[in-house]
K.L.:
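Structure incoming, see below.
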Number of protein chains: 2
Amino acid sequence: MIIGYAQTATRFGEKEFNFNQAAELLKDVKADLIVLPELFATGYTFVSREEAAGLAEELDGPTLLFLKGLAQKTGGVLTGGFVEKEGTKIYNSQALVSERGVIGVYRKLHLFNREKLWFTPGNLPLKAYRVKGVKIGMMICFDWIFPETARTLALLGADVIAHGTNLVLPYCQKAMVTRCLENRVFAVTANRIGREKRGGDDFTFTGASQITAFNGEVLSSAPENRVFIDTVEIEVEKAGDKRINEFNDLLADRRKKYYFNT
Amino acid sequence: MIIGYAQTATRFGEKEFNFNQAAELLKDVKADLIVLPELFATGYTFVSREEAAGLAEELDGPTLLFLKGLAQKTGGVLTGGFVEKEGTKIYNSQALVSERGVIGVYRKLHLFNREKLWFTPGNLPLKAYRVKGVKIGMMICFDWIFPETARTLALLGADVIAHGTNLVLPYCQKAMVTRCLENRVFAVTANRIGREKRGGDDFTFTGASQITAFNGEVLSSAPENRVFIDTVEIEVEKAGDKRINEFNDLLADRRKKYYFNT
């Protein structure tokens, strides 16, 4: 299985530019799964709920239509982040899309900082989608710091976690090594670069997109300050086996009676 | 608050030697909490259940008595690992001990590899013990790879995790950065050095004991191949505040309705 990411330099509010950049980056790429960053078509640093809502789309909007077209070229599925509108609410969402259309949508469960001012917290269960025999789970950016997110995806059988991000802090990439080790899953963390100085915020996005293997090995690590694309071939069946030696299985060994979820 | 560890070079089966080594290492140390490695008095690589049982002790045995004496010198509490006997069962345990005696015992919940052949899996709830206003939780070695262990301790209010280890793999220290970040707790990972070639096993213990702060900063990192002692002063009250910005609190933000514990 070939998995990869496009590390973009998103321009705020310029969907057409951002689509073209992603298409250009991926023009010669064939892959079973490509992950694009969180909110890759809109940018991140909204100044009001109205501004975010003005860039929101439903599932038949231009961003997911663009991903569908891209899937026809890459020959696999893609995930990408978008501002999702449903009724009067907007969500920080990520869609899994094939050449036939939308397979599933994830709404960010853990909103970061001022996202809470515009987005409604995710209200859909975590899910692992079976695509050509491989189970793909989705999470978005700050979800990484809550171990329950990746753990729940692993318990649902996810082999690969598609993790779109707009990271501004330096902790996530190393933590993804832990996430993959503890769950024996693969993860693609697709980050962006560039700066957004809007309203009271001044964010520099930190690149360094990463593909991490089931055993914690970093299979791809992007530069911090330029657009980048990479793919790697993985033995995805490794994620299906949670045994680390003759006696230990990382999911079967859980002592859930002693764990709190309170 | 001053916390620290003693990184020992345990000799298999030689309790008296191991006591003397720990006492010598700690002879000039004053600290509120000192963590000693997993099974620091006995060594790790048993060849049979009978051998492990032959080194087992109850709560009034020589190992916890030694820790009590040590606490009189260091002026605080200590934790140390021991083979605990209760009836016909033995556990891979760790005790929290003050100059007045045993405060609490933790029995390793997640047994590693052939430990399963001799030890009974831990059957006591995780707990955070209040000592002079600070809550101390305990976990042992391989427990690190199950995020639920440290998470449960944090949910119980632990400020500092006393983590005795006998590590033979290179992953734990980096993972402890993630554990401390995601829970905003301090942790003392006390490892040992040396080699044990017994039965079918040949283990080289990897040292690099570590003190990790609530924000992921590594406050102390021991060498990989010699006995070592270190203490650091921490602002333990930082662990009581799970807010990372105006909008996010790492425990209050958990979306537990969406998490699996199955």
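Residue numbers start from 1 in every chain, and the chains themselves are labelled A, B, ... in the order their sequence lines are given, proteins ahead of strands. Hydrogens, waters and symmetry mates are skipped; everything else that's a heavy atom, side chains included, is used.
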K.L.:
Need one label for B:Phe142: side chain, backbone, both or neither, based on atoms under 4.5 Å from any heavy atom in chain A.
P.N.:
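B:Phe142 touches chain A through side-chain heavy atoms alone.
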K.L.:
May I ask you to decide if B:Phe260's main-chain N or O and A:Thr152's side chain share a donor-acceptor pair within less than 3.5 Å?
P.N.:
yes
K.L.:
For B:Asp143, which atoms come within 4.5 Å of any heavy atom of chain A: side chain, backbone, both, or neither?
P.N.:
neither
K.L.:
Under 4.5 Å, counting heavy-atom pairs only, tell me which of A:Glu115, A:Arg179, A:Glu246 racks up the most with chain B.
P.N.:
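It is A:Arg179.
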K.L.:
Quick check: closest heavy atoms across B:Arg114 and A:Phe247, and the distance to 0.1 Å?
P.N.:
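It is CG-CE1, 3.4 Å.
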K.L.:
Please round to the nearest 0.5 Å and tell me the distance separating atom CG of B:Leu124 and atom OH of A:Tyr258.
P.N.:
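If I round to the nearest 0.5 Å, the distance is 7.0 Å.
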K.L.:
Does B:Lys116 have more than 12 heavy atoms from other residues, nucleotides or ligands lying within 6.0 Å of its NZ?
P.N.:
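Correct, the count exceeds 12.
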K.L.:
State which residue, out of A:Lys256, A:Arg254, A:Arg151, A:Glu148, fulfils the side chain to side chain donor-acceptor pair (under 3.5 Å) condition with B:Asn261.
P.N.:
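So the option named by the test is A:Arg254.
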K.L.:
Using side-chain heavy atoms (C-beta onward) and a distance below 4.5 Å, is A:Phe146 in contact with B:Leu250?
P.N.:
yes
K.L.:
Given that the side chain runs from C-beta out, which part of B:Arg255 has a heavy atom under 4.5 Å from chain A: side chain, backbone, both or neither?
P.N.:
both
K.L.:
Is there a side-chain contact between A:Phe112 and B:Asp253 in this structure, where contact means two heavy atoms from C-beta onward sitting under 4.5 Å apart?
P.N.:
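No, side chains not in contact.
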K.L.:
Is the number of heavy atoms from other residues, nucleotides or ligands within 6.0 Å of NZ (B:Lys242) greater than 12?
P.N.:
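It does: B:Lys242 NZ has more than 12 such atoms within range.
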K.L.:
With a cut-off of 6.0 Å (strictly less than), are more than 12 heavy atoms of other residues, nucleotides or ligands near CD of A:Glu51?
P.N.:
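More than 12 heavy atoms, drawn from other residues, nucleotides or ligands, come within 6.0 Å of this atom.
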K.L.:
List the atom of A:Thr178, the atom of B:Thr178, and the distance in Å for their closest heavy-atom pair.
P.N.:
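Where A:Thr178 meets B:Thr178 most closely, the heavy atoms are OG1-OG1, 3.2 Å.
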K.L.:
Between A:Asn123, A:Leu251, A:Leu153, which shows the greatest number of heavy-atom pairs under 4.5 Å with chain B?
P.N.:
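Looking at each option in turn, the highest pair count goes to A:Asn123.
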K.L.:
Any donor and acceptor pair, going by atom type alone, linking the side chain of B:Lys174 with main-chain N or O of A:Lys174 inside 3.5 Å?
P.N.:
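Looks like no, no N/O pair under 3.5 Å.
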K.L.:
Determine yes or no for a side-chain-to-main-chain donor-acceptor pair under 3.5 angstrom, with A:Asn248 supplying the side chain and B:Asn113 the backbone.
P.N.:
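Pair found, side chain donor or acceptor close to backbone of B:Asn113.
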